[in-house]
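Below is one structure, written out as structure tokens; the observations come after it.
The sequence lines fix the lettering, A, B, ..., with proteins before strands; numbering per chain opens at 1.
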Number of protein chains: 2
Amino acid sequence: MDKDKIDKKDHILDVAERVFSEMGFDGSSTRMISGEAGVNMAMLNYYFGSKEGLFLAVIERKITSFQNILQILGNDESISSWAKIESYIDIYGERVVNHNCFQKLLYQELTMNRRTELAETIRNMLMKSVSELFRIIQEGIDNGEFRKDTDMQMVVSTLYGTKNFILNTPLMSSTMLGYDIQDEKVLEEQFKPRIKKYLKTLLKAYLVNETIMS
Amino acid sequence: MDKDKIDKKDHILDVAERVFSEMGFDGSSTRMISGEAGVNMAMLNYYFGSKEGLFLAVIERKITSFQNILQILGNDESISSWAKIESYIDIYGERVVNHNCFQKLLYQELTMNRRTELAETIRNMLMKSVSELFRIIQEGIDNGEFRKDTDMQMVVSTLYGTKNFILNTPLMSSTMLGYDIQDEKVLEEQFKPRIKKYLKTLLKAYLVNETIMS
DNA sequence: ATGCTTTAATCAATCGTTTGATTAATTTTG
DNA sequence: CAAAATTAATCAAACGATTGATTAAAGCAT
């Protein structure tokens, strides 16, 4: 049946996503992926053409889900710029947990500059989110909510960088934070609210114009 | 001569450091490294035992230089906690440029959790710097310079994460920042002062207790 | 000539991929 | 509807290439 086929392809993609994330592209072998997925090795090439094709398929499957969420937020004119940033952080914080594996995969691939066509696909996809965030921050600067000298490119780097650093070096950050960041429960109950609160406090302190009488 | 031998080993390590950084551990082959270094493949195993031994040698060569700089800073009692953070950012900002390649290598290795003994060596080494930074921040909290509710683990994550994100995804961040981060001159003249200034402004806004009358 | 250093040749293992055969499903034909 | 023809899915086996590693012999200084 069509449904079974799609399910099987999806199952392979699920496994591949996990393996690629854990082992990297080079560190993963087609044998390992097919073995864990419980399918014949040749099926990977049958379905996806090549190892790189499989990798691309893993990436592309996720792209669609990323697109419109932020645009909706960006175009909402009923809330303040800062409220948008807060919403952004909330949404972003949720993704931390739910798309953990995939984010790692993305970032790992961005880190190496080879396989340029693939990397460019990923970059273009991420730049969409980034541009949306730029728009929100610029709006805040223009309407006086945020500091005029805000370095918005660096702010975005901080937002992404902080999260990536913690999630991509789990052993390191688990030592730092004092609990196991790889534990699903800890991640959900402790880390998620923590990073949300922290990023909000941090960005608010940096971004928001407080008229202080000195 | 002994000197020639050391020079050659150092030359191999230089090449290996670059190749490992660019291609990752799995992506690099001993043939490629030996080829670019202009030595026979067997020399790598002769000098370093194995590919992993070579990798370890690359890492360990750098370790020594990292150690004491921060301790000296941390133990200086003549300056304020905030001044120490500023100094830290300055030192850190310098390293951004000068040890670019190596930092990338370190981070890439941390990202994958396998080869645990090696990763642990790296982690322990980095934790030394982190602990020193913790000490400085804690001191600032205790003496009332910094907010009592400072999340210092997250602050350190921001510090490392922001820099790593930009330097490890140069194509992405070059698009974001509007200039080529891979250009040595741009990095030195534009990016270095920019990230220093940004990180200071950001952390000051977050850390420093401003007694505001509301 | 003795003791490091360097080389070319070769090793088994693993890589991603391709093959040809077999089975299952679908479509076409009578 | 049933038999035949076609297509799709799956498999074990093997492919050539490349991997990291090892060998034994040659080079070379002291």
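For residues 161-188 of chain B, the set of pairs meeting the salt bridge (charged side-chain N to carboxylate O under 4.0 Å, His left out) definition, not counting sequence neighbours, comprises B/Glu188-B/Lys192.
For B/Asp90, the salt bridge (Lys or Arg N to Asp or Glu O under 4.0 Å) test picks out B/Lys200, with sequence neighbours left out. Residues passing the ring pair (Phe, Tyr, Trp, His ring centres under 6.0 Å) test with A/Tyr107, sequence neighbours excluded: none. Shown here are the ring pair (Phe, Tyr, Trp, His ring centres under 6.0 Å) partners of B/Tyr206, two or more places apart in sequence or in another chain: A/Tyr198. The salt bridge (Lys or Arg N to Asp or Glu O under 4.0 Å) search around B/Glu86 returns none, not counting sequence neighbours.
A/Met43 has its CE atom 15 Å from the P atom of C/dA24, to the nearest Å.
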Under 4.0 Å protein heavy-atom contacts per nucleotide of nucleotides 16-22 of chain D, with B for base, S for backbone only and - for none: ---BBBB
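Contact annotation: A/Lys8 reaches the phosphate of D/dT10 (side-chain N/O to OP1 or OP2, under 4.0 Å).
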